[in-house]
There are 2 protein chains.
Amino acid sequence: MSAKITDQDTEQLIKDTAKRVFFGEGRFNATTQEIADAAGVNRTLINYYFRSRNNLFDIVFQDAQEQEHNILEEIVFADISFKEKISRNLDAFFEQSKKYPYLEIYMVTQMNQGNCYKDKEHMNLLLDKFYLEVALEMERGNIHKMRPEQFVLNFVSLMSFPVSMRPLLQETMGFTKESYDTLLEERKDVIMNTLFIK
Amino acid sequence: MSAKITDQDTEQLIKDTAKRVFFGEGRFNATTQEIADAAGVNRTLINYYFRSRNNLFDIVFQDAQEQEHNILEEIVFADISFKEKISRNLDAFFEQSKKYPYLEIYMVTQMNQGNCYKDKEHMNLLLDKFYLEVALEMERGNIHKMRPEQFVLNFVSLMSFPVSMRPLLQETMGFTKESYDTLLEERKDVIMNTLFIK
DNA sequence: ATTGTGTTTAACAAAATTGTCAATAAATTT
DNA sequence: AAATTTATTGACAATTTTGTTAAACACAAT
């Protein structure tokens with residue numbers, strides 16, 4: 001009647017595992033065998049449910065897009081102040097990044113292999129609305145004046161980069177796992193202070 | 001006597017081509033055949049010069065590290081003001097990013113596959129020196145106060161992210177190739193204004 | 001019990017990718 | 001020019017990865 005209680009629904013299990021392997025662990029060229037092993041299922045079930053490896057990859061890619069979309073959408077249409085929107089977006093992002101730190105990088109690697117983004121129309125609507133708010137906030141003197149697109153770039157860069165590039169940054173900058181975690185926790189305040197004029 | 005004039009030196013050609021394919025085009029799991037084709041050489045020459053595919057990948061990875069190192073080193077030890085260092089680093093970065101936009105992402109994907117960063121000692125020396133300068137600049141009131149590590153994160157994030165993630169950002173934000181190029185050109189000023197207090 | 005449906009499995013086939021090796025070609029040294 | 005080394009090639013073998021198929025299994029409906 002209701003959704004299955006047990007860990008059945010192998011199809012979903014495989015998809016979730018693939019997401020974990022890609023977005024969570026950053027193993028972008030995992031084989032079907034590796035994914036099957038990680039899910040604890042027979043490899044051929046991937047073919048049974050998804051026909052081909054490529055198809056699974058495509059489906060997971062689409063899911064990643066929606067995930068991105070949804071986070072943004074919730075923020076943009078919320079009935080809260082601009083600053084509060086940014087603040088909540090940061091919270092939402094850092095929360096999901098614990099589970100899926102490599103989501104953005106995964107999308108880039110996929111797009112470099114020919115996969116392309118869908119539903120640009122809708123995203124543009126969201127962005128245009130957001131740009132208006134950004135511009136208004138500049139008028140009010142709460143953030144520095146620049147093209148709204150540049151503000152968005154600043155925002156996503158400051159937020160995303162330290163998460164996406166963690167393996168590189170943690171190593172090169174000589175952090176331990178723990179000290180880098182601390183750094184990330186402090187990041188929300190740093191970003192707010194960087195984006196907004198005191 | 002001197003270095004070969006012609007485009008000989010197949011070994012170097014293969015290495016350069018691999019770099020172009022990886023850092024330049026972002027095709028991180030190119031096959032040996034694809035690399036050989038891109039270089040216009042017989043595939044087995046990759047085995048002849050580099051023994052195995054893995055070995056080539058490792059060597060290219062090391063090269064990427066050195067490249068990163070060198071850019072940073074030149075800046076940190078230059079005899080110029082702090083602001084000028086940041087400015088020149090931005091120039092150097094945006095210059096190399098035209099050729100190798102995916103250098104950083106490549107390193108992350110490699111590190112997620114078990115490859116690890118070498119020469120951390122030296123990098124730490126560079127960074128420690130740089131942190132001191134950052135701290136001093138905060139005292140002087142030229143940049144906002146925060147942990148120097150956070151300033152470095154801000155800096156590299158603002159600089160690197162829009163380049164690394166270009167395929168994703170350009171698509172989702174609805175830019176053309178040209179308009180995104182313009183955006184990147186404007187970025188140096190935006191970043192300087194974001195990092196430094198007027 | 002049997003039939004039917006959907007799921008899972010192992011064995012196999014096919015395809016793709018890498019690595020080896022001996023033969024050839026080119027270049028250098030003697 | 002002959003000999004020697006180095007570079008290049010094609011044919012082949014080995015390996016890895018993917019996809020297919022038929023049989024086994026589970027389980028509900030008849």
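Note that the structure is predicted; figures quoted are calculated from it, not measured. First the proteins, then the strands, lettered A, B, ... as listed; each starts at 1.
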J.: Heavy atoms within less than 4.0 Å of DNA chain D: which residues of residues 31-52 of chain B have one? Give them sorted by number.
T.: Asn42(B), Thr44(B), Leu45(B), Tyr48(B), Tyr49(B)
J.: In chain order, what residues pass the salt bridge (charged side-chain N to carboxylate O under 4.0 Å, His left out) check against Lys188(A), with sequence neighbours excluded?
T.: Asp91(A)
J.: Among residues at least two apart in sequence or on other chains, which ones pass side chain to side chain donor-acceptor pair (under 3.5 Å) with Glu73(A)?
T.: His122(A)
J.: What is the distance, to the nearest angstrom, from the CG atom on Leu56(A) to the C1' atom on dG19(D)?
T.: 14 Å
J.: Whole angstrom is fine here: how far is it from CG in Asn29(B) over to P in dT18(C)?
T.: 10 Å
J.: Measure the distance from CZ on Arg53(A) to P on dA15(C) and round it to the nearest whole Å.
T.: 18 Å
J.: Can you list the residues that meet the side chain to side chain donor-acceptor pair (under 3.5 Å) rule with Asn142(A), with sequence neighbours excluded?
T.: Glu137(A)
J.: Apply side chain to side chain donor-acceptor pair (under 3.5 Å) to Asp189(A) and list each qualifying residue two or more places apart in sequence or on a separate chain.
T.: none
J.: Tell me, please, which residues at least two apart from Ser179(B) pass side chain to side chain donor-acceptor pair (under 3.5 Å).
T.: Thr176(B)
